[in-house]
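Below is one structure; the comments refer to it alone.
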Amino acid sequence: MRQETASNLDILLKPEDAISFQGEPGAFSHQACHEVFPDRDTLPCPTFEEAIAAVRDGKAKLAMLPVENSLYGRVADIHHLLPDSGLHIVAEHFLPIRMQLLGLPGAPLDGIRTAQSLNVALGQVRRFLNARSILPVAGPDTAGSARIVQEAGDPSAAAVASELAGKIYGLEILAPNIEDAEHNTTRFMVASPRALAPAPDEPAITSFVFRVKNISAALYKALGGFATNGVNMVRLESYMLDGSFTATQFIADIEGNPQEPGVAAAMAELDHFTDSIKVLGVYPRHSFRGPI
């Protein structure tokens, strides 16, 4: 039987298949969908839970989920939702976040008094707003703020959102790329109900969650196998389970495929010092990470 691989993921999709994402049309997650799957329909969902459920229920074929940002770190809830979602990570995508100041057509930049957006987004354009004495206004999200500005029709009000949101809601870019940090980037994961392995010769990332045994130096010993087998760990984070201060779960990303001898040996050593391990996905390493 021919092995399915993540590199032919788009070929496996039927023309009518949609990609779910959390947020309103024009959200940065929506933009990520367009970049990875430019010819596919998208399904906006109010919450991450609903974006995941849409795939499980067959309303969408894949889900585009943000997992971390270079400025504000881990995206809340995803690390809790993914392990029990029944979905598999089959791809990653890195989206540079370019914030646009969007206003009504013909509105002058020097007439803008307020800028509405998600609080996190407003924090990323603080220098621009302060320099022009523009009052930040908290909104439901970036794309939703663009919709609200369009509906209100106030030429002194602007939104901070994506270029895609401006096109969808008929707003003009009054000032482009106003983010304070040029490196601002969000990493997304594409989740599928089916696991799709990378091609054997394709550089891969493996994501997994684990809990160490309650013994002295368990974490140190559990991770030792990655060092001795030359496996690069590119992400390691801990979080509480069920609100307990003693039950800690870790989520990790490593470079390599469990089919490789070094990775297999490291995972075997990890298993010796853990109560549980769950692989969330093995998928192609994105070129944004740079050369190996």
Side-chain angles (χ1 to χ4, degrees), residues 19-40 42 44 48 51 63-76 78 91-150 157-190 286-290:
I19 316 300
S20 67
F21 68 92
Q22 184 277 326
E24 295 196 31
F28 285 104
S29 293
H30 190 191
Q31 182 179 332
C33 290
H34 275 289
E35 289 192 5
V36 181
F37 305 101
D39 300 321
R40 301 295 176 180
T42 54
F48 291 125
M64 182 68 71
L65 303 171
V67 291
E68 54 187 335
N69 177 270
S70 61
L71 284 179
Y72 57 85
R74 183 171 62 199
V75 176
I78 294 298
E92 64 176 350
H93 182 65
F94 291 83
L95 178 70
I97 303 299
R98 300 293 174 253
M99 301 289 190
Q100 317 298 321
L101 187 72
L102 304 173
L104 296 176
L109 176 58
D110 58 8
I112 298 300
R113 299 289 176 263
T114 62
Q116 179 172 312
S117 194
L118 185 68
N119 268 328
V120 169
L122 292 172
Q124 296 172 11
V125 297
R126 188 178 294 111
R127 287 202 297 266
F128 177 89
L129 299 183
N130 289 343
R132 289 157 183 80
S133 299
I134 297 175
L135 180 68
V137 177
D141 54 37
T142 55
S145 296
R147 174 182 53 78
I148 290 170
V149 166
Q150 188 274 331
V160 176
S162 68
E163 182 179 358
L164 178 61
K167 292 178 179 178
I168 290 175
Y169 299 108
L171 301 177
E172 288 185 355
I173 298 178
L174 305 182
N177 303 337
I178 62 173
E179 62 279 352
D180 294 339
E182 188 175 348
H183 68 76
N184 187 4
T185 302
T186 296
R187 178 186 178 217
F188 290 84
M189 288 179 170
V190 180
H286 198 280
S287 59
F288 184 88
R289 293 182 179 274

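Scope of the values below: all heavy atoms of this structure, side chains included, with no hydrogens, waters or symmetry mates.
Side-chain atoms of E179 come within 3.5 Å of backbone atoms of M99 as a donor-acceptor pair (strictly under, hydrogens ignored). Listed for the Q100 side chain is no donor-acceptor partner under 3.5 Å among the backbone atoms of I178. When atom types are taken as modelled, the side chain of S70 and the backbone of T185 share a donor-acceptor pair closer than 3.5 angstrom. The backbone N or O of H34 sits nowhere less than 3.5 Å from a side-chain atom of R40 that would complete a donor-acceptor pair.
Residues F48 and P66 have side chains in contact (heavy-atom distance under 4.5 Å, counting atoms from C-beta outward). Contact of the T114 side chain with the L135 side chain is registered, since non-hydrogen atoms from C-beta on lie closer than 4.5 Å.
To the nearest 0.5 angstrom, D180 atom CG is 7.0 Å from R126 atom CZ. The line from CG of N184 to OH of Y72 is 7.5 Å long, rounded to the nearest 0.5 Å. The CG atom of L104 lies 7.5 Å from the CD1 atom of I112; values are rounded to the nearest 0.5 Å. Rounding to the nearest 0.5 Å gives a distance of 7.0 Å between CD1 of I168 and OG of S162. The structure places CD1 of I148 at 4.5 Å from CD of Q116, a figure rounded to the nearest 0.5 Å.
Taking both residues in full, the closest heavy atoms of T42 and C33 are given as CG2-CB, 3.7 Å, listed atom of the first, atom of the second, then distance.
Checked against S117 for a side chain to side chain contact (heavy atoms under 4.5 Å, CB included), the options V160, L101, V137, L102 give a single hit: V160.
Taking A181 as the reference, L71, H183 meet the side chain to side chain contact (heavy atoms under 4.5 Å, CB included) condition, with sequence neighbours excluded.
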(request) List the steps, then state whether salt bridge (Lys or Arg N to Asp or Glu O under 4.0 Å) holds for E92 with R187. (result) CA-CA 7 Å; E92 64 176 350; R187 178 186 178 217; 3.0 Å; yes

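Aromatic ring pairs are classed by plane angle as parallel below 30°, tilted from 30° to 60° and perpendicular above 60°; the pair F188 and H93 is tilted.
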